[in-house]
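The block underneath contains the structure these notes are about, expressed in structure tokens.
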Amino acid sequence: MTVLAAAPRTQTPLAEARVVVLSAGHVEASSTARLGGLLGSAAHDALAAAGRPAEVTHLELRRVAVDVTTALLGAERTPALQDAVASVQHADALVVVTPTINASFSGLLKSFLDVLPPDALRSVPTTIAATGGTQRHTLVLDQAVRPMLGYQRAIVLPNCLYVTADEWEGPRPSAPLAERIGVAGAELAAFTPARAA
């Protein structure tokens, strides 16, 4: 009887997972941008723990606000806006964070999404989060942000974060908030598809 040895299995190297954070805060060093950065880092750490290389790009939309407005009015898209759109189009996973404005999401976020090509977000796993001054608007994510991104065919993940000012300890998240951020980042990492290098 001849026994055939199994051929050694070669592992295909993986490309870096491209995680893009979109934060729509209106001011420098906003809690919205801070939350987006922490969520991106949590996803990066979870991917690294699973042995997957990752790159996180943080797009603060206020930096291209004028570019977005002029594009919506029919002007040629600036290189900065083209780069931002390309980053989103090539993302393997997204984090979308908005301040709560008049009980809804930021108009800056909606305007940026309006300049994206059709199907740019199709099948992209997406974690959503919002910052606000009061717990009265916690439903902004499920009633406004989730349907908007769902309409654009993103895969909006179950874990979402609504964060108020009292959940921060200076610039740092409180222990309960840090735990929630870690859970959301791990979930996003688990849903991020792998690509061969």
Tell me if a side-chain donor or acceptor on [X] pairs with a main-chain N or O of [Y] at a distance below 3.5 Å.
| X | Y | result |
| --- | --- | --- |
| R18 | H90 | yes |
| T70 | V66 | yes |
| T69 | A65 | yes |
| R122 | I155 | no |
| Q152 | D119 | no |

Tell me, do [X] and [Y] make a side-chain contact under 4.5 Å, heavy atoms counted?
| X | Y | result |
| --- | --- | --- |
| L81 | V68 | yes |
| L35 | I181 | yes |
| L157 | T126 | no |
| P193 | P125 | yes |

Point to revise | Interatomic spacing from OG1 in T164 to CZ in R136 - rounded to 0.5 Å | key: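 Between atom OG1 of T164 and atom CZ of R136 there are 12.5 Å.
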
Review point. Roughly how far, to the nearest 0.5 Å, is CG of L59 from CG of L22?
Key: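 If we round to the nearest 0.5 Å, L22:CG and L59:CG are 5.5 Å apart.
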
Point to revise | Distance-only side-chain donor-acceptor flag, T131 / T32, under 3.5 Å | key: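 Short answer, yes.
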
Exercise for review: Considering only NZ, NE, NH1 and NH2 on the basic side and carboxylate oxygens on the acidic side, decide whether R195 and D92 come within less than 4.0 Å.
Suggested key: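 So R195 pairs with D92 through a salt bridge.
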
Check your understanding: What do you reckon, is CG of D114 surrounded by more than 12 foreign heavy atoms closer than 6.0 Å?
Key ->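 Atom CG in D114 is packed in, count exceeds 12.
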
Check your understanding: Between R62, H58, E60, which is the residue that forms a side-chain hydrogen bond (donor to acceptor under 3.5 Å, both in side chains) with S23?
Key ->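 Only one of R62, H58, E60 forms a side-chain hydrogen bond (donor to acceptor under 3.5 Å, both in side chains) with S23, namely H58.
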
Check your understanding: Do any pairs count as a salt bridge (Lys or Arg N to Asp or Glu O under 4.0 Å) and have a residue in residues 153-169, sequence neighbours left out, and if so which ones?
Key ->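 Applying salt bridge (Lys or Arg N to Asp or Glu O under 4.0 Å) to every pair that reaches into residues 153-169, excluding sequence neighbours, yields E167-R180.
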
